Trainee: 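Before we start, here is the structure in question, set down as structure tokens.
It should be emphasised that the depicted structure is a prediction, and the values quoted were computed from it without experimental measurement. Reckoned from all heavy atoms, side chains included, excluding hydrogens, waters and symmetry mates.
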Amino acid sequence: MAGWTGIGSGVHRVQSTPFFGSALFPAALALPYPEPGRGAQPARPARFTRLPPPEKAPEAPPLAPQVAGGRRSIDPLCERWFNPLGLRPRRAGARAEAKSEELATVTRHIFVTGGVVSSLGKGLTSASIGMLLEARGLRVRMQKLDPYINVDPGTMSPYQHGEVYVLDDGSETDLDLGHYERFTSTQLTRMSNYTTGQIYLSVINKERRGEFLGKTVQVIPHITNEIKEMVRNLASADTDVVITEIGGTVGDIESLPFLEAIRQIPLEVGRENCLFIHLTLVPYLKAAGELKTKPTQHSVGILRQIGIQPDVLVCRTERSLDVSDREKIALFCNVPLDCVIEERDKDFSIYEVPLSLQSNRIDDIVLRRFGMQAPQADLAAWHDILHRLRNPEHEVSIALVGKYAEHRDAYKSIYEALDHGGISHRTQVRVQPIKSEDIERDGAERLLAGFDGLIVPGGFGERGIEGKVEAIRFARERKLPFLGICLGMQCAVIDVARHQAGLEGAHSTEFARNSPHPVICLMEEQQGVVAKGGTMRLGAQPAVLTPGTLSARAYGTARISERHRHRYEFNARYRQQLETAGLVIAGTSPDGALVEIVELADHPWFVAVQFHPEFKSKPTAAHPLFAGFVAAAVARHSGSASVAGA
């Protein structure tokens, strides 16, 4: 209904849905005042009808007087004006309870970016923050967004990208996800790692299906919307905090869509539910004898141009920041002083990082920002890890023979798993990387003498294969504890076939298609597969262990599940011949078709596996095979014939 009503000094038309007379503003408040100086109103056209005189508003129940502190009750006239419906205010306790319930259902987001240079340790920092929040009782999920165009790192060279970290669901992901799993209990899936390639591929597929209804597909909003969707996928009722690491360095052109996407997320979920942490470098110039904050200022300046104001700055530095340095950074970067956090280089162990961040109260800063309360963290287990690392009772030296030996990140998880094995036995494990091609040139005797153990990891390609086989033969003949992983297991089978079973020319069809004895062959399911990316046997697969073997004793169970990444397998046609020659089949797939573990019966520790046990090792729970391998190395070093802990 439309009508004329005078409010204040003017006459206004009331639209068909009346503002006054609604539940919010009763008609009693719409008083027909004449316009000043004009007297009675002239007649209006028929379509404009004066509202009838309002009925008297029903009296609302009086509000309860506030007697606390001697305050008077609300005046009845004011009560009718400001509370025409007679609504009673909710008690303070109820408001607090409602707010608490609301906070409990909201998933908060932490975004970790990096500036100045790459390789500052965003993954370690993110994992450490996740660990601290978990230790305080929060439920955390983690994710990394990588700006490169590859769909995943599965086809990338280890020299370019380091190791490929495989998840239970078969996803081939960035090595930083290894830090996430080693530091936290979060469950990682393919939703935990996205690349520019995956984002664009998804958007292009949607466009081909016509999902954009003829619109022009653009970086903003379509690409950024897709990125935001990937972040939102991890938010759920059973998750308190999602930590998203943005790969690359602020200022890189390829990371701009990701930064724009996370800039938009606070507008949708609330700025109070988002926290931006920027990891930066404060270099020390020896010539000047001082730390320089200007690179950090410039890095934050780039973020602010994009529209992101960091809440916390984590400053990597080789020297301590004094108060004046922190004050300068806080002032020029518009960050509170207590949110400028020093993260000095850790020469001893990466497992010091969480304790360093906790000493700077980063967990308190996060909780304060999100308005959350949580009990103090119990980090006794983490302190025990560092105590064991600093106060070892034993020391062993391990030779790691591989194709990419000079590039530590290519075998990142193996180095960490060896440390975990050392922690479990209070042993300092010194690892010496040796290129397998050097063994081909100089011989195993010269390069491997004096070590307490040998590990041959996985890899691809023919280069250095004969060096690996020769190294394994040295370990077999000298009773040197040996652990073979993936390709290392296949090389162990080749060695036994050639030098114990008498199968001259035994090899893998990956490297010698016309081998007279293909003891390693392409898996049947891989026949005819042409595409390289994401087509291997990937992810967690079950296995059954043979009772009485070293592996069964180490695991302490008959059935296991381990992560795989391979195309070639043990050729079952040679199983009987090799078992006769002394090879022990210690583990197979549940149907017995695939060989998963081989051992030697007359050796203190000769274990080779087709899977990747390093991906399931943690500092708080060493993988059984790495713990057993280190124990065997300790026994050899001490001259004992027994294998402690195996």
Trainee: Can you check whether L124's main-chain N or O pairs, donor with acceptor, with S128's side chain at less than 3.5 Å?
Mentor: yes
Trainee: Rounded to the nearest 0.5 Å, what separates atom OG in S508 from atom CD1 in I520?
Mentor: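 Rounded to the nearest 0.5 Å, the OG-CD1 separation comes to 6.0 Å.
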Trainee: I need the minimum non-hydrogen distance between V609 and M489, along with the two atoms involved.
Mentor: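 What the structure gives for the nearest pair is O-CB, 3.2 Å.
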Trainee: Take a 6.0 Å sphere around CD of Q160 and say whether it holds more than 12 heavy atoms from other residues, nucleotides or ligands.
Mentor: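 No, the 6.0 Å shell around CD holds no more than 12 heavy atoms from other groups.
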Trainee: Any donor-acceptor pair under 3.5 Å linking the side chain of D152 with the backbone of G154?
Mentor: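 The answer is yes, because a donor-acceptor pair under 3.5 Å joins these two groups.
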Trainee: Hey, does V529 have a side-chain heavy atom less than 4.5 Å from the side chain of R567?
Mentor: yes
Trainee: More than 12 heavy atoms of other residues, nucleotides or ligands under 6.0 Å from CG of N205: yes or no?
Mentor: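 Buried by this count: over 12 neighbours within 6.0 Å.
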Trainee: Show the nearest heavy-atom pair for residues F611 and R563, with the distance to one decimal.
Mentor: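 Closest pair (atom of F611, atom of R563, distance): CB-O, 3.2 Å.
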Trainee: Taking Q526 for the side chain and T535 for the main chain, is one N or O donor matched with an acceptor at less than 3.5 Å?
Mentor: yes
Trainee: Does the side chain of Q198 reach to within under 4.5 Å of the side chain of M230, using non-hydrogen atoms?
Mentor: no
Trainee: Does the distance from a Lys or Arg side-chain N to an Asp or Glu carboxylate O, for E172 and K532, drop under 4.0 Å?
Mentor: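 Result for this pair is no, no salt bridge flagged.
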Trainee: Could you check whether any side-chain N or O of S118 sits under 3.5 Å from a backbone N or O of G248, counting only pairs where one atom can act as donor and the other as acceptor?
Mentor: no
Trainee: Would you say the side chain of D252 lies within less than 4.5 Å of the side chain of P147, judging by non-hydrogen atoms?
Mentor: no
Trainee: Just wondering, do V314 and N360 contact through their side chains at under 4.5 Å, heavy atoms?
Mentor: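 Not in contact.
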Trainee: Should C486 and R565 be marked as a side-chain contact (heavy atoms from CB on, under 4.5 Å) after you check the CA-CA gap, both sets of side-chain angles, and the distance that decides it?
Mentor: CA-CA 8 Å; C486 197; R565 185 175 183 253; 5.8 Å; no
Trainee: Establish, from distance only, whether the side-chain atoms of T293 and T296 form a donor-acceptor pair under 3.5 Å.
Mentor: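 Not at all, the side chains of T293 and T296 share no donor-acceptor pair under 3.5 Å.
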Trainee: In terms of heavy-atom contacts, does CD of Q187 have more than 12 from other residues, nucleotides or ligands at under 6.0 Å?
Mentor: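 Open.
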Trainee: Centre-to-centre under 6.0 Å for H420 and F626, is that the case here?
Mentor: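 No; F626 has its ring centre 6.0 Å or more from that of H420.
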Trainee: With a 4.5 Å limit on heavy-atom distance, are the side chains of Y200 and I149 in contact?
Mentor: no
Trainee: Any heavy-atom pair between the side chains of F460 and L487 that's under 4.5 Å?
Mentor: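 The answer is no; the side chains never approach within 4.5 Å.
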Trainee: For the residue pair H179 / E416, report whether a side-chain donor-acceptor contact shorter than 3.5 Å exists.
Mentor: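 No, no side-chain donor-acceptor contact under 3.5 Å.
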Trainee: Is there a donor-acceptor contact under 3.5 Å from the side chain of T184 to the main chain of T186?
Mentor: yes
Trainee: I'd like to know if the side chain of T107 pairs up with that of R232 as donor and acceptor (distance under 3.5 Å, no hydrogens or angles considered).
Mentor: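 Not at all, the side chains of T107 and R232 share no donor-acceptor pair under 3.5 Å.
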Trainee: Can you classify the ring geometry of H612 versus F615 as parallel (below 30°), tilted (30 to 60°) or perpendicular (above 60°)?
Mentor: parallel
Trainee: Please report the shortest heavy-atom distance between V217 and H222, naming the atom on each side.
Mentor: CA-ND1, 3.5 Å
Trainee: Before giving the answer on side chain to side chain donor-acceptor pair (under 3.5 Å), spell out for R182 and S413 the whole-Å C-alpha distance, their side-chain angles and the decisive distance to 0.1 Å.
Mentor: CA-CA 9 Å; R182 286 188 285 271; S413 292; 3.1 Å; yes
Trainee: Are any of the side-chain heavy atoms of R108 and C274 separated by less than 4.5 Å?
Mentor: no
Trainee: Would you find a donor on one side and an acceptor on the other, under 3.5 Å apart, between the side chain of D240 and the backbone of R139?
Mentor: yes
Trainee: State which residues pass salt bridge (charged side-chain N to carboxylate O under 4.0 Å, His left out) with K206; sequence neighbours excluded, sorted by chain then number.
Mentor: E226
Trainee: Keeping R136 on the side-chain end and P375 on the backbone end, is there a donor-acceptor pair under 3.5 Å?
Mentor: yes
Trainee: Closest approach of I227 and F258, non-hydrogen atoms and distance?
Mentor: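 Between these two residues, the closest heavy atoms are CD1-CD2, 3.7 Å.
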Trainee: Tell me if a side-chain donor or acceptor on D169 pairs with a main-chain N or O of R190 at a distance below 3.5 Å.
Mentor: yes
Trainee: Check the pair T196, E254 against side chain to side chain donor-acceptor pair (under 3.5 Å), reporting the backbone distance first and the verdict last.
Mentor: CA-CA 8 Å; T196 294; E254 58 263 30; over 6 Å; no
Trainee: For Y148 and H161, take the angle between the two ring planes, folded into 0 to 90°, and tell me which bin it lands in: parallel under 30, tilted 30 to 60, perpendicular over 60.
Mentor: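 Rings of Y148 and H161: perpendicular, over 60°.
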Trainee: For S299 versus V116, what's the shortest heavy-atom pair and its separation?
Mentor: OG-N, 3.8 Å
Trainee: Does E614 offer a backbone N or O that forms a donor-acceptor pair with the side chain of S617 under 3.5 Å?
Mentor: no
Trainee: For the pair E343 (side chain) and C315 (backbone), establish whether a donor and an acceptor sit closer than 3.5 Å, ignoring hydrogens and angles.
Mentor: no
Trainee: Return the minimal non-hydrogen interatomic distance between P457 and Y411, and the atom names on each side.
Mentor: CG-CE2, 3.4 Å
Trainee: How about CD on Q373, more than 12 heavy atoms from neighbouring residues, nucleotides or ligands closer than 6.0 Å, or not?
Mentor: no
Trainee: Do Y159 and E406 have side-chain N/O donor and acceptor atoms under 3.5 Å apart?
Mentor: yes
Trainee: For side-chain contact (heavy atoms from CB on, under 4.5 Å), just list the numbers for T189 and R141, CA-CA rounded to whole Å, side-chain angles, deciding distance to a tenth of an Å, and then say yes or no.
Mentor: CA-CA 10 Å; T189 66; R141 296 196 69 181; 4.2 Å; yes
Trainee: For residues F276 and I262, determine if any side-chain heavy atom of one lies less than 4.5 Å from a side-chain heavy atom of the other.
Mentor: yes
Trainee: Can we say K412 and D176 salt-bridge, meaning some charged N sits less than 4.0 Å from an Asp/Glu carboxylate O?
Mentor: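 The answer is no: the pair does not qualify as a salt bridge.
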